[in-house]
Amino acid sequence: MIDIQTEPIDPEEVLSSVVNPLGGAEVLFLGRVRSETDGREVVHLDYEAYGDMAQSELEDLVQQVRGANDVLGIAVSHRIGRLKVGEIAVAVAVSAEHRPEAFRACRWMIDKVKERVPIWKKECFEDGSKWVVEHP
């Protein structure tokens with residue numbers, strides 16, 4: 001599962017897509033909209049993506065993870081559009097034979113998504129907004 005979507009992310013669907021009978025470990029990372037940034041109350045976030053390029057980058061990252069980490073299954077789902085506080089913005093799920101590989105691959109994947117995939121976040125406050133540039 002590699003998905004960029006406007007609808008809410010279902011963590012159970014993301015996790016179930018990586019289940020493998022050879023796997024002894026499954027890791028699920030969920031990134032949610034926080035209520036505060038630098039002491040300012042967040043009203044909502046707006047996510048935008050460069051669609052085809054973002055999808056292509058996600059597919060490339062998934063292939064890299066599969067080739068290097070003894071991963072049995074991997075899924076990435078990122079939401080775009082307007083998200084309220086508490087909503088899931090991104091989900092990454094990984095299955096592997098053992099937990100060290102699953103944790104390592106999940107961590108690597110979310111870091112690379114933030115670094116390479118052209119999805120941008122604008123934080124909106126009562127008194128204005130700002131685009132966020134993230135670097136892991």
Side-chain angles (χ1 to χ4, degrees):
M1 167 187 258
I2 302 170
D3 195 25
I4 299 171
Q5 62 189 54
T6 57
E7 296 301 313
I9 294 171
D10 179 354
E12 289 295 325
E13 181 181 344
V14 176
L15 186 58
S16 68
S17 75
V18 303
V19 173
N20 185 305
L22 298 174
E26 295 159 0
V27 173
L28 174 66
F29 169 83
L30 300 175
R32 291 186 185 270
V33 177
R34 291 186 307 261
S35 63
E36 186 179 298
T37 298
D38 297 328
R40 296 173 76 189
E41 185 178 338
V42 173
V43 175
H44 63 266
L45 299 183
D46 289 326
Y47 280 94
E48 294 183 10
Y50 182 26
D52 292 341
M53 185 178 201
Q55 185 74 26
S56 177
E57 284 293 321
L58 286 174
E59 290 169 4
D60 182 56
L61 291 172
V62 164
Q63 290 307 315
Q64 288 182 48
V65 168
R66 284 189 178 141
N69 290 288
D70 298 321
V71 168
L72 298 170
I74 183 162
V76 181
S77 186
H78 206 300
R79 183 125 176 247
I80 57 172
R82 180 157 291 176
L83 280 74
K84 299 178 208 170
V85 170
E87 289 189 294
I88 299 169
V90 62
V92 176
V94 176
S95 65
E97 285 187 42
H98 305 283
R99 71 179 175 277
E101 293 86 358
F103 276 110
R104 183 172 40 252
C106 190
R107 173 72 185 255
W108 184 89
M109 188 66 181
I110 191 60
D111 287 348
K112 291 299 179 184
V113 166
K114 296 277 191 181
E115 179 183 310
R116 286 188 35 194
V117 179
I119 297 176
W120 303 280
K121 171 174 75 174
K122 182 168 65 170
E123 294 177 324
C124 300
F125 311 98
E126 288 290 336
D127 62 346
S129 63
K130 69 174 183 174
W131 287 98
V132 177
V133 178
E134 296 189 53
H135 300 285

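For this chain, numbers begin at 1 and follow the sequence in order.
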| field | Validation row: Glu101, Val71 side chains within 4.5 angstrom (heavy atoms) | value | no
| field | Under the side chain to side chain donor-acceptor pair (under 3.5 Å) test, residues paired with Glu97 that sit two or more places apart | value | none
| said: Check this for me, if you would: do Lys112 and Glu115 make a salt bridge, where the nitrogen-to-carboxylate-oxygen distance has to be below 4.0 angstrom? | reply: yes
| request: Could you go through the side-chain contact (heavy atoms from CB on, under 4.5 Å) check for Ile80 and Glu48 one step at a time? | output: CA-CA 6 Å; Ile80 57 172; Glu48 294 183 10; over 6 Å; no
| remark: Ser17 meets the side chain to side chain contact (heavy atoms under 4.5 Å, CB included) criterion, sequence neighbours left out, with Met1, Ala75
| query | Is there a side-chain contact between Val117 and Leu61 (heavy atoms, below 4.5 Å)? | reply | yes
| task | Using the side-chain contact (heavy atoms from CB on, under 4.5 Å) rule, take Ile110 and Val90 through it: C-alpha gap first, then chi angles, then the decisive distance, then the call. | result | CA-CA 9 Å; Ile110 191 60; Val90 62; 3.9 Å; yes
| Single-linkage hydrophobic cluster Leu45~Phe29, side-chain heavy atoms < 4.5 angstrom | yes
| request: Test side-chain contact (heavy atoms from CB on, under 4.5 Å) on Val132 and Lys122 and set out the steps. | output: CA-CA 6 Å; Val132 177; Lys122 182 168 65 170; over 6 Å; no
| said: Using side-chain heavy atoms (C-beta onward) and a distance below 4.5 Å, is Pro11 in contact with Leu28? | reply: yes
| query | Are the side chain of Glu57 and the backbone N or O of Ala54 linked by a donor-acceptor pair below 3.5 Å? | reply | no
| query | Is any side-chain heavy atom of Val42 closer than 4.5 Å to a side-chain heavy atom of Cys124? | reply | no
| query | Other than Trp120, what residues sit in its cluster of Ile, Leu, Val, Met, Phe, Trp and Tyr side chains whose heavy atoms are under 4.5 Å apart, directly or through others? | reply | Tyr50, Met53, Trp131
| message | Please give the remaining members of the hydrophobic cluster of Val27, linking ILVMFWY side chains under 4.5 Å, ordered by chain and number. | response | Phe103
| Under a single-linkage rule joining Ile, Leu, Val, Met, Phe, Trp and Tyr whose side-chain heavy atoms are separated by less than 4.5 Å, which residues share a cluster with Leu72? | Leu22
| task | Heavy atoms only: give me the nearest Val76-Met109 pair and the separation to one decimal. | result | CG2-CE, 3.2 Å
| Partners meeting side chain to side chain donor-acceptor pair (under 3.5 Å) with Ser95 (sequence neighbours left out) | none
| Yes or no on side-chain contact (heavy atoms from CB on, under 4.5 Å) for Val94 and Val18, after CA distance, side-chain angles and deciding distance? | CA-CA 6 Å; Val94 176; Val18 303; over 6 Å; no
| Among pairs that include at least one residue of residues 20-44, which meet side-chain hydrogen bond (donor to acceptor under 3.5 Å, both in side chains), considering only residues two or more places apart or in two chains? | Thr37-Glu123, Arg40-Asp127, His44-Arg82
| query | How long is the span from the CD atom in Gln63 to the CG atom in Leu58, to the nearest 0.5 Å? | reply | 12.0 Å
| message | Please find the pair of heavy atoms, one from Ile9 and one from Ala89, that lie closest to each other, and give the distance. | response | CD1-O, 3.7 Å
| Partner set under side chain to side chain donor-acceptor pair (under 3.5 Å) for Gln55, not counting sequence neighbours | Glu59
| query | If Ile, Leu, Val, Met, Phe, Trp and Tyr residues are connected whenever their side-chain heavy atoms lie under 4.5 Å apart, and connections chain through other members, are Val113 and Leu83 in the same group? | reply | yes
| Residue pair Leu30 / Ala91: nearest heavy atoms and the distance that separates them | CD2-CB, 3.7 Å
| Pairs involving residues 3-16, ordered by first then second residue, that meet side-chain hydrogen bond (donor to acceptor under 3.5 Å, both in side chains) (sequence neighbours left out) | Gln5-Ser77
| Quick one: ring-ring contact (aromatic ring centres under 6.0 Å, His included) pairs with a partner in residues 71-91, sequence neighbours left out? | Tyr47-His78
| query | When hydrophobic residues are tied together by side-chain contacts of less than 4.5 Å, even through go-betweens, does Ile4 share a cluster with Ile2? | reply | yes
